[in-house]
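Here's the structure we're looking at; comments come further down.
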Amino acid sequence: MKIWKLSTSLESEQIAAANKEDDETLFRNLLQQGEYLHSKTNLPVETYEKGELNNLLTYKGFATPPIIDGYAVQSLEKLISEFVEFVALTHPEYKCYAVNIVNVINECVNYSESIPDDFGGFDKLSFIEDKVKEQPIFRIKYTEHSLGDFPIISPEIYVSDAFREAVLENGLTGFTFYEVWSSQEESSVAELNPFVRESLDEDVEAHLQAYYGPIIRRVEAESAEVTEVGFYEMAPTESVPFYTVATHGYSTLRLPAPPGLDSAYVELVMHADQDPFKDEKYSWIPQVMHQVGSFAVNNMNWIGQWMVFPNQELDRYVDTYERMLTGEKVKLPLHVQPYSPESSFCGVMVVPPLPQCQEAFMMPYLENEKEIDGEWPVYFHTLLPLYEEEMEYYFQHGQEALLEKMMENGIEHLFNLHRPNTFKEKRKGFFGRFNK
């Protein structure tokens, strides 16, 4: 008997409440409490970020509450109907449902064999078998954790072998499962996704060369400190017409990640027009990568898609990060500094890879050249340099509004380090469309 944590594909389409004032609370709070909603139905939702229309979608990228389509309801209803409530949602283009998990099991954690983390959860989780037996889908309520002795209802969703098998048998897409516990003594789930985990150099090098280009340089870390990492540099190719720099070492540590996401092991990637290790005008590029990565490692902070990291003094930088993570308004003006005298860029945004490098985004963790079921991949997050006005527009109007203005000349143009400021430069002809 095994228990699995339910997660979702990062490639799945993300939805959000259309009526922010009335419904945001429903998604953030009510659906996390394990109580029936009854009267709530046909709630209007809209696309938050386009992606694959899988059977399991996400609410703003989070696994809780699960958002599923009609086929998934039909496939799973017989198994889980007495443990959940299907809340009908109304999207302009399709019908979907929020799965309200009302099956919250109290004190089912075997504390003597579990290892708490620093955030009120668990690095290793063990269950009392009699309490989770024949429970196809559930969340847990527990009182022994690192934050005190008050009760916590987990945001994580746990499912049984029967649930996982139903998903696989019906060919449902967008579902991801991570084994967290097994009743068999020989299980070694405690070793999955450890705090320290190192990928082999040859695996990393093969991955980078497969998607970015031939490696022309490897820069070793200056010391053995965890915040000090090395770099790989790949030469431009016909497909990827940039010098590409990737960090090597940050993914040794597992950073915290939001519930339901597996993006805890990360490396950073940037593109440049010239060789940043030969041309001093571009030497700020590895320095920026080190700034973003070392801050995350030193403070055990998550790095996620579409996050923005301004070049600020440390206290402002921390305040901006915390506000961005909690959804609070970021203080403006940002009080940023350019990365170098030769460049007016003064911040970066975490973005997906170039379209031709999409497969580089996730690198499976390998042992003896084989993928291990349940081991999280390494995410290679691309950093896109931004001007001050672009970051302020992002914090005022959001990611989608900024990208709509910046994408007029195509994706690759954004990585041209001589591109004009979207809201400041006034040029004629082709670049004129970047005026505010």
Side-chain angles (χ1 to χ4, degrees), residues 4-10 14 28 32 58-64 109 114-125 139-140 142 144-148 150 152-158 176-181 189-199 225-229 247 249-268 289-309 314 317-328 330 348-350 361-363 365 374-381 383:
W4 307 79
K5 184 170 75 172
L6 175 63
S7 185
T8 182
S9 168
L10 287 178
Q14 300 180 22
R28 286 192 174 181
Q32 307 247 354
T58 78
Y59 184 76
K60 292 187 173 181
F62 295 97
T64 305
V109 176
S114 299
I115 302 174
D117 61 22
D118 295 329
F119 310 101
F122 297 91
D123 279 331
K124 177 193 174 186
L125 187 56
R139 290 161 62 202
I140 62 175
Y142 52 93
E144 294 187 26
H145 47 80
S146 61
L147 303 181
F150 54 88
I152 290 179
I153 297 178
S154 71
E156 290 88 358
I157 300 166
Y158 301 102
T176 305
F177 301 96
Y178 297 105
E179 181 185 336
V180 295
W181 177 77
V189 297
E191 297 179 5
L192 289 177
N193 306 307
F195 181 66
V196 177
R197 188 193 75 179
E198 192 167 3
S199 297
E225 295 291 327
V226 293
T227 55
E228 296 295 330
V229 296
T247 60
Y250 288 131
S251 62
T252 300
L253 296 182
R254 188 193 70 234
L255 300 179
L261 297 185
D262 62 359
S263 51
Y265 299 101
V266 303
E267 297 290 355
L268 303 174
M289 300 170 78
H290 181 267
Q291 178 190 76
V292 174
S294 62
F295 173 78
V297 169
N298 273 326
N299 297 279
M300 280 288 105
N301 286 331
W302 181 57
I303 298 177
Q305 287 290 289
W306 308 116
M307 298 181 76
V308 167
F309 297 91
L314 182 59
Y317 189 93
V318 172
D319 183 72
T320 297
Y321 176 85
E322 291 177 349
R323 289 173 179 270
M324 182 169 46
L325 206 62
T326 59
E328 295 182 49
V330 170
V348 291
M349 178 165 60
V350 183
F361 188 37
M362 290 185 286
M363 182 188 79
Y365 177 74
E375 281 286 357
W376 293 352
V378 175
Y379 281 79
F380 284 84
H381 287 304
L383 302 182

Euclidean distance, [Y] [atom2] relative to [X] [atom1], rounded to 0.5 Å:
{"X": "L255", "Y": "Y250", "atom1": "CG", "atom2": "OH", "value": "10.5 Å"}
{"X": "L314", "Y": "Q291", "atom1": "CG", "atom2": "CD", "value": "9.5 Å"}
{"X": "L125", "Y": "D117", "atom1": "CG", "atom2": "CG", "value": "10.5 Å"}
{"X": "I152", "Y": "I140", "atom1": "CD1", "atom2": "CD1", "value": "9.5 Å"}
{"X": "M289", "Y": "L383", "atom1": "CE", "atom2": "CG", "value": "6.0 Å"}
{"X": "D123", "Y": "I115", "atom1": "CG", "atom2": "CD1", "value": "7.0 Å"}

Subject >> Identified side chain to side chain contact (heavy atoms under 4.5 Å, CB included) counterpart of H381 within the set V348, V350, V292, T247 >> reply: V350

Can a donor-acceptor pair be found, under 3.5 Å and without considering hydrogens, that links the side chain of [X] to the backbone of [Y]?
{"X": "R254", "Y": "N193", "answer": "yes"}
{"X": "T252", "Y": "E198", "answer": "no"}
{"X": "T64", "Y": "P155", "answer": "yes"}

On a heavy-atom basis, which atom in [X] and which in [Y] lie closest, and how many Å separate them?
{"X": "S114", "Y": "V109", "value": "OG-CG1, 3.5 Å"}
{"X": "P116", "Y": "S146", "value": "CB-N, 4.4 Å"}
{"X": "T58", "Y": "S9", "value": "CG2-O, 4.3 Å"}
{"X": "G374", "Y": "Y178", "value": "O-CD2, 3.5 Å"}

**OP:** Step by step, work out the side chain to side chain contact (heavy atoms under 4.5 Å, CB included) result for M362 and F380.
**Re:** CA-CA 6 Å; M362 290 185 286; F380 284 84; over 6 Å; no

Original post:
Can you find a heavy atom in the side chain of S199 that is under 4.5 Å from one in the side chain of M363?
Top reply: yes

Subject >> 4.5 Å side-chain heavy-atom contact, M307 and M324 >> reply: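 With C-beta onward as the side chain, the pair touches.
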
Subject >> Check: S263/W376 side-chain N/O donor and acceptor closer than 3.5 Å >> reply: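 No pair is found: no donor N or O on one side chain lies under 3.5 Å from an acceptor on the other.
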
Original post:
Strictly by modelled atom types, are D262 and Y379 linked by a side-chain donor-acceptor pair under 3.5 Å?
Top reply: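 Per modelled atom types, D262 and Y379 side chains form a pair under 3.5 Å.
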
Original post:
Between H145 and F122, does the ring centroid distance fall short of 6.0 Å?
Top reply: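 Not under 6.0 Å, so no.
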
**OP:** Verify the ring-centre separation between F309 and F295: is it less than 6.0 angstrom?
**Re:**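 Centroid distance F295-F309: not below 6.0 Å, so no.
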
Original post:
Cation over ring, R139 on Y158, under 6.0 Å and within 45°?
Top reply: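 Checked: cation-pi criterion not met.
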
Subject >> Under-4.0 Å salt bridge between E375 and R197 >> reply: yes

Subject >> Stepwise side chain to side chain contact (heavy atoms under 4.5 Å, CB included) test for V378 and Y365 >> reply: CA-CA 7 Å; V378 175; Y365 177 74; 5.6 Å; no

**OP:** Please step through side chain to side chain contact (heavy atoms under 4.5 Å, CB included) for the pair W4 and V180, ending with a clear verdict.
**Re:** CA-CA 5 Å; W4 307 79; V180 295; 6.0 Å; no

Subject >> Worked check of side chain to side chain donor-acceptor pair (under 3.5 Å) between S251 and E267 >> reply: CA-CA 6 Å; S251 62; E267 297 290 355; 2.7 Å; yes

